[in-house]
**Student:** 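A single structure is presented below for examination.
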There are 2 protein chains.
Amino acid sequence: MTAAGKHQVSRTDTSRRGSRQSRAGIRDVAAAAGVSITTVSDALNGKGRLPDATRRHVREVADRLGYRPSAAARTLRTGKSGLIGLTVTTYGDEPFTFTEFAYFAEMARAATSAALARGYALVILPATSRHDVWQNVALDGTVVIDPSDHDPVVTELVRQGLPVVSDGRPAGTLPVTAWVDNDHEAAVLGLLDHLAAAGARRIGLLTGNTTDTYTRLSTTAYLSWCERIGQDPVYETYPAHDPCAGAVAADRLLARPDRPDAVYGLFDPNGTDLLAAARRYGLRVPDDLLLVCCSESTVYAATEPPITTLSLKPRRIGTAVVQLLIDAIEGIDENRPVEQVIPTELIVRTSSQRRRSPRTKVSPPRSPAQD
Amino acid sequence: MTAAGKHQVSRTDTSRRGSRQSRAGIRDVAAAAGVSITTVSDALNGKGRLPDATRRHVREVADRLGYRPSAAARTLRTGKSGLIGLTVTTYGDEPFTFTEFAYFAEMARAATSAALARGYALVILPATSRHDVWQNVALDGTVVIDPSDHDPVVTELVRQGLPVVSDGRPAGTLPVTAWVDNDHEAAVLGLLDHLAAAGARRIGLLTGNTTDTYTRLSTTAYLSWCERIGQDPVYETYPAHDPCAGAVAADRLLARPDRPDAVYGLFDPNGTDLLAAARRYGLRVPDDLLLVCCSESTVYAATEPPITTLSLKPRRIGTAVVQLLIDAIEGIDENRPVEQVIPTELIVRTSSQRRRSPRTKVSPPRSPAQD
DNA sequence: TTGAAAGCGCTAACAG
DNA sequence: CTGTTAGCGCTTTCAA
């Protein structure tokens, strides 16, 4: 039973005009302003060609009566709700496993702002399409984060004729309207080159055993880079949705006989995981071990040492996804490219710069400007 | 102009039955099943007393036709949308300044789950009530995070007769339906006692210059604790929405002539801010400086040393807020307490435990179970 | 037990 | 330039 389904209509008084307490409707405004309801509607929506005086008068009366147009009625009439769904496909069992908090928070924040700026609001929805709630909310379109291959949510939405834009290149033949993603291969290759240039001889990888596109592409890129350079791959795999598993895998990686002298961690917490593991083995960063991880978290600017991160630019992605979706909803610019690649950014910090200023001494306090 | 406002009705064909492409409506199902639309409605909603055979048959036909009830029509008819607003009041100019990412993410996640479990979905809305979008979405009620004194959003919503539940005790006479909060005073007092018990002689505070309830209550509690203990307050203040300012203020605090030997930081990033500042001044944590900060972030389990944190239990808060709101919407249990206090949790780690095992040696790898 | 009919509040044709 | 009218698709009395 959905929320809306279990309610009774409560208004019992039938003589509309007679009721004094229920919220003012468009006809009340019309009556009070001495015009027709059409005029009220037009005046309030800036439609039609009314004299400014009428428009002002109607608006004034509406204001005085505290009139609020019914969103439901407008939606029913126009077929547009101004609502956009936002779903993040989950790995584990939990309804909402946001493994990458910072990424999601940033992305969602940007998406929300972008939607709001164009007059839309975001509705957070579960990743399971069978949930009642999907049937009970009028959406104009949906944003899907990291859809899995043959994602049932996406399939169902598309079948209903709703535009769907995904954050993350859809695997397989998922029929999304558009998608936005980074060039993960290029990002990984660039980052490995950066590590090699900093003196890394054997670069290790901390990666996930999940099948999502991000993990797959990044891992593949690593393997092909190793092949090209002629280095044996050194990597450990773990389920990305398990926070503890990351620390353990980091430890395993540094415990190997063929211990790498540089590591890239695919997931947000890997930086601290690896740093902790390095400490346990007495490895100094960056002197004995170079470190990079993919993260949006600002904490890596303040760790000891600060850790180089790869940013996927979630804000730009969130914005782009929403723009694409709303364009599709409004039928704007049909022949705009339906795929958009957002560049990543490697934020180089101490952890990936071998042997520069010793940095073991106390450095002077930062001034705000330096950030 | 709102999103829904600027759209035309696109369906031009008037003969409903004649149209073959537009989505199946309830009358199509009725016709195909050879029953009336009333029967279809009842069968699908589990209302009325129909023979099971009819019910099954109707459901089958509806399925075959891919029938999806119109949420807009249902909302218009029943007056309930199954939608709950979620707003976070912002400090600065940005439409969405989530200073406490982890807190918000956790709270929102819990709220979303709780809402979903009861058949509702969450709509993220801006903190400015004058935004068009507020007028364009049919809400059953709203959750407001950290409403400011005389918050215009809350005032307007309540005027419309919508239930409003706030995360954070409302300041002044804000007429919310219910609120949920921690006992911030008790939390701070307990934490200061903990620091004192660990040997702190002069405890400093890193706090915000904003007027929100959380900051105000926490600061007041600190000051009264100092008074009770007979310690001179040592604190630095900064605008909590500026990420850089925190680092600077942390630095200022440790640069003071009356440098504290323990510090409590009110905001999430303060832990790393203070740790970095301590490092710059060559202060060892916890030997020279005890540290606690209020945070939901898991990174403090992995810093060197791990930092003691105060958790506000955002998940429990998010859940409670939604339960209270939905209870109010559905008119359940009218005489339930409209205020609910969620206990905080002090997660004690190395940074607030003076002089135990030296911990300068390499410790063995953690096993997953230890977490 | 089922069906016909009356709207929910609004917008957009189409008259006047 | 303004008003009348016909629904949007559904739920719910109320009568058959």
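All heavy atoms count here, side chains included; hydrogens, waters and symmetry mates do not.
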**Student:** To the side chain of B:T39, which of C:dT11, C:dT2, D:dG3 is closest?
**Tutor:** C:dT2

**Student:** Please round to the nearest 0.5 Å and tell me the distance separating atom CZ of B:R77 and atom OG of B:S70.
**Tutor:**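 So the CZ of B:R77 and the OG of B:S70 are separated by 13.5 Å.
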
**Student:** Hey, are B:D327 and B:R118 close enough for a salt bridge, meaning a charged N less than 4.0 Å from a carboxylate O?
**Tutor:** yes

**Student:** Taking the nucleotide of DNA chain C with the nearest heavy atom to each, does A:P69 or B:I37 sit closer to the 5' end?
**Tutor:**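 The residue closer to the strand's 5' end, by nearest nucleotide, is B:I37.
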
**Student:** Which nucleotide in the list C:dT11, C:dG9, D:dT12 gets nearest to the side chain of A:R27?
**Tutor:**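 For the A:R27 side chain, the nearest candidate turns out to be C:dG9.
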
**Student:** Atom CD1 in B:I124, atom CG in A:L86: separation rounded to 0.5 Å?
**Tutor:** 6.5 Å

**Student:** Nearest-Å distance, CG (B:L76) to P (C:dG9)?
**Tutor:**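 Those two atoms, CG and P, are 7 Å apart.
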
**Student:** Quiz question: going by heavy-atom distance under 3.5 Å, is there a donor-acceptor pair between the base of D:dT12 and the side chain of B:T38?
**Tutor:**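 Pair found.
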
**Student:** Just the rounded figure in Å: distance from C1' of C:dG9 to CG of B:N136.
**Tutor:**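 It is 14 Å, rounded to the nearest whole Å.
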
**Student:** Measuring from the side chain of B:R74 (C-beta onward, heavy atoms only), which nucleotide among C:dT11, D:dT12, D:dT11 has the closest atom?
**Tutor:** D:dT11

**Student:** Starting from C1' on C:dT1, measure out to CG on B:D42 and report it in whole angstrom.
**Tutor:**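 It is 11 Å, rounded to the nearest whole Å.
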
**Student:** From A:L139 CG over to A:W134 CH2, what is the distance, rounded to the nearest 0.5 angstrom?
**Tutor:**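 Reported value, rounded in 0.5 Å steps: 6.5 Å.
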
**Student:** Check the distance between C:dT11's P and B:Q135's CD and give it to me in whole angstrom.
**Tutor:** 12 Å

**Student:** How many whole angstroms separate atom CZ of B:R55 from atom C1' of C:dT2?
**Tutor:** 13 Å

**Student:** Hey, does the side chain of A:S70 come within less than 4.0 Å of C:dG9's phosphate (OP1/OP2), counting only N and O?
**Tutor:**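 No, because none of the side-chain N or O atoms of A:S70 sits under 4.0 Å from OP1 or OP2 of C:dG9.
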
**Student:** How many Å lie between CD1 on A:I26 and C1' on C:dT11, as a whole number?
**Tutor:** 8 Å

**Student:** If I take atom NE2 in residue A:H57 and atom C1' in nucleotide D:dT2, what distance separates them, rounded to the nearest angstrom?
**Tutor:**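 Checked: the NE2 to C1' distance equals 15 Å.
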
**Student:** So which nucleotide from C:dT11, D:dT11, C:dT2 ends up closest to the side chain of B:N45?
**Tutor:**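 Nucleotide nearest to B:N45's side chain: D:dT11.
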
**Student:** Please pick, from D:dT11, C:dG3, C:dC10, the nucleotide with the shortest atom-to-atom distance to any side-chain atom of A:A73.
**Tutor:** C:dC10

**Student:** Please determine if B:E156 and A:R68 form a salt bridge, counting it only when a charged side-chain N lies under 4.0 Å from a carboxylate O.
**Tutor:**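 Salt bridge flag = yes for A:R68 with B:E156.
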
**Student:** Name the closest nucleotide to the B:R77 side chain, picking from C:dT1, D:dG9, D:dG7.
**Tutor:**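 Nearest to the side chain of B:R77 among the choices is D:dG9.
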
